[in-house]
Number of protein chains: 2
Amino acid sequence: MFSVSAKTQYAIRAMAHLAKNQGVSVPSAEIAASESIPPKFLEGILTQLKSSGLVLGERGKNGGFRLADKPEAISMLSIVEAMDGSVKPVSCVEKAGACAQGMSCLPRIFWIGLKEAIDAYLGGRTLKDITEG
Amino acid sequence: MFSVSAKTQYAIRAMAHLAKNQGVSVPSAEIAASESIPPKFLEGILTQLKSSGLVLGERGKNGGFRLADKPEAISMLSIVEAMDGSVKPVSCVEKAGACAQGMSCLPRIFWIGLKEAIDAYLGGRTLKDITEG
DNA sequence: TCAATTCCTATAGACTTGATAGGAATATAC
DNA sequence: GTATATTCCTATCAAGTCTATAGGAATTGA
Ligand code: FES
Ligand code: FES
């Protein structure tokens with residue numbers, strides 16, 4: 001339970017790599033080699049990060065990827081959500097009628113609280129926190 | 001990401017049901033009907049809860065399940081762990097060598113912090129909290 | 001024109017999840 | 001002791017997700 005996908009872990013390592021190389025465009029293949037990430041898999045990850053607006057991609061020769069913002073302005077939550085979507089612990093939080101009780105269902109409130117705790121943790125740290133001490 | 005399995009959600013609803021029927025043995029089929037849980041699926045869940053020591057099962061006629069302890073003594077964390085094992089966000093927290101850096105790897109510390117935040121939330125509430133206001 | 005690179009789509013194998021089926025073991029009631 | 005209600009055990013299945021790879025089209029710079 002609560003396992004973080006390899007995709008998300010790769011994404012964060014890749015973002016950290018870009019944070020250490022600000023100002024220059026780093027090719028996907030270079031990140032892959034440096035961080036031990038399957039190259040073709042990483043390509044897809046970076047595309048996904050790009051369409052979420054977290055990185056900028058430049059094609060062609062001397063192309064590559066760079067951060068779209070300063071590391072201290074990129075929350076961990078935004079990276080996680082870019083990969084796996086919003087953190088939704090349980091189905092019944094989204095679709096009603098999963099259980100007999102209604103909106104005041106106590107388990108439901110319990111799960112929502114968990115989501116908020118996770119979001120608070122992830123939203124409270126930035127890329128800078130995991131690249132510097 | 002971070003979706004809670006149907007199994008765990010069912011388990012908690014079942015435990016809540018038992019909490020409302022303390023002192024008597026409730027048959028699996030009755031819980032299933034009352035909580036809209038697939039009967040045979042629930043059987044397996046209750047067996048699992050039993051082998052984790054959270055409930056007691058009694059066979060034969062008039063048999064069924066009951067809580068092994070008072071609701072306020074059963075943490076949500078214990079239920080979640082009984083279903084899906086310990087909360088381990090990332091692989092590299094367990095098996096070393098997943099990334100180039102060592103124990104001081106900042107992403108690693110970040111993930112451990114997340115695990116602790118989740119455990120703190122889950123460990124800080126009990127079955128009683130989700131059965132009473 | 002050439003080389004490097006992102007970008008797009010398709011695919012495949014392994015694994016996980018949710019659920020069902022059939023029956024063996026066990027306890028109670030009559 | 002026989003019928004009945006129940007847990008318990010094992011096997012199976014379909015559907016989905018996750019991880020990864022493959023091949024090539026589009027774009028850019030030299
Ligand atoms: S709404 Fe999810 S358990 Fe009731
Ligand atoms: S140990 Fe997990 S990213 Fe380094």
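Sequence lines set the chain letters: A, B, ... in the order given, protein chains first and strands last, and positions in each chain run from 1.
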I'd like the 5' and 3' limits of the part of DNA chain C contacted by chain A, with heavy-atom contacts below 4.0 Å.
dA4(C) to dC8(C)

For the backbone of L49(A) and the side chain of S52(A), can you confirm whether one donor and one acceptor N or O come within less than 3.5 Å of each other?
no

When the distance from [atom1] of [X] to [atom2] of [N] is rounded to whole Å, what number comes out?
| X | N | atom1 | atom2 | value |
| --- | --- | --- | --- | --- |
| F65(A) | dT28(D) | CZ | P | 14 Å |
| K61(A) | dG29(D) | NZ | C1' | 7 Å |
| R59(A) | dG29(D) | CZ | P | 12 Å |
| K40(B) | dC13(D) | NZ | C1' | 15 Å |

Is there a residue in residues 22-29 of chain A whose heavy atoms reach under 4.0 Å of DNA chain C, and which residues are they?
P27(A), S28(A)

Whichever of N62(A) and F41(A) has its nearest DNA chain D nucleotide further upstream toward 5'
F41(A)

Quick one: on DNA chain D, does A6(A) or E43(A) contact a more 5' nucleotide (nearest heavy atom)?
A6(A)

Considering all heavy atoms of both residues, which atom of [X] and which atom of [Y] are nearest to each other, and what is their separation?
| X | Y | answer |
| --- | --- | --- |
| E58(A) | S25(A) | OE1-OG, 2.9 Å |
| L106(B) | D129(A) | CD1-O, 4.2 Å |
| M83(A) | T8(A) | CB-OG1, 3.4 Å |
| P107(A) | I130(B) | CD-O, 4.1 Å |

Name the nucleic acid region contacted by E58(B), choosing base, sugar-phosphate or nothing; use a 4.0 angstrom heavy-atom cut-off, strictly under.
sugar-phosphate

Give a yes/no answer on whether the side chain of Y10(A) brings an N or O atom under 4.0 Å of OP1 or OP2 in dA20(D).
yes

Please list, by residue number, the residues of residues 44-53 of chain A whose heavy atoms come closer than 4.0 Å to an atom of DNA chain D; answer none if no residue qualifies.
none

May I have the step-by-step check of side chain to side chain contact (heavy atoms under 4.5 Å, CB included) for L54(B) and L67(B), ending in yes or no?
CA-CA 6 Å; L54(B) 294 178; L67(B) 293 184; over 6 Å; no

Would S28(A) and F65(A) satisfy side chain to side chain contact (heavy atoms under 4.5 Å, CB included), going step by step from the backbone distance to the final call?
CA-CA 7 Å; S28(A) 172; F65(A) 293 91; 4.1 Å; yes

So Q48(B) and K7(B), side chain to side chain contact (heavy atoms under 4.5 Å, CB included) or not? Walk me through it.
CA-CA 11 Å; Q48(B) 210 169 331; K7(B) 203 172 179 179; 3.0 Å; yes

Geometric cation-pi criterion, R108(A) with F110(A): 6.0 Å, 45°
no

Do D84(A) and S5(A) have side-chain atoms, one donor and one acceptor, less than 3.5 Å apart?
yes

Do the side chains of I31(B) and L56(B) join up, straight or via other hydrophobic residues, at under 4.5 Å, putting them in one cluster?
no

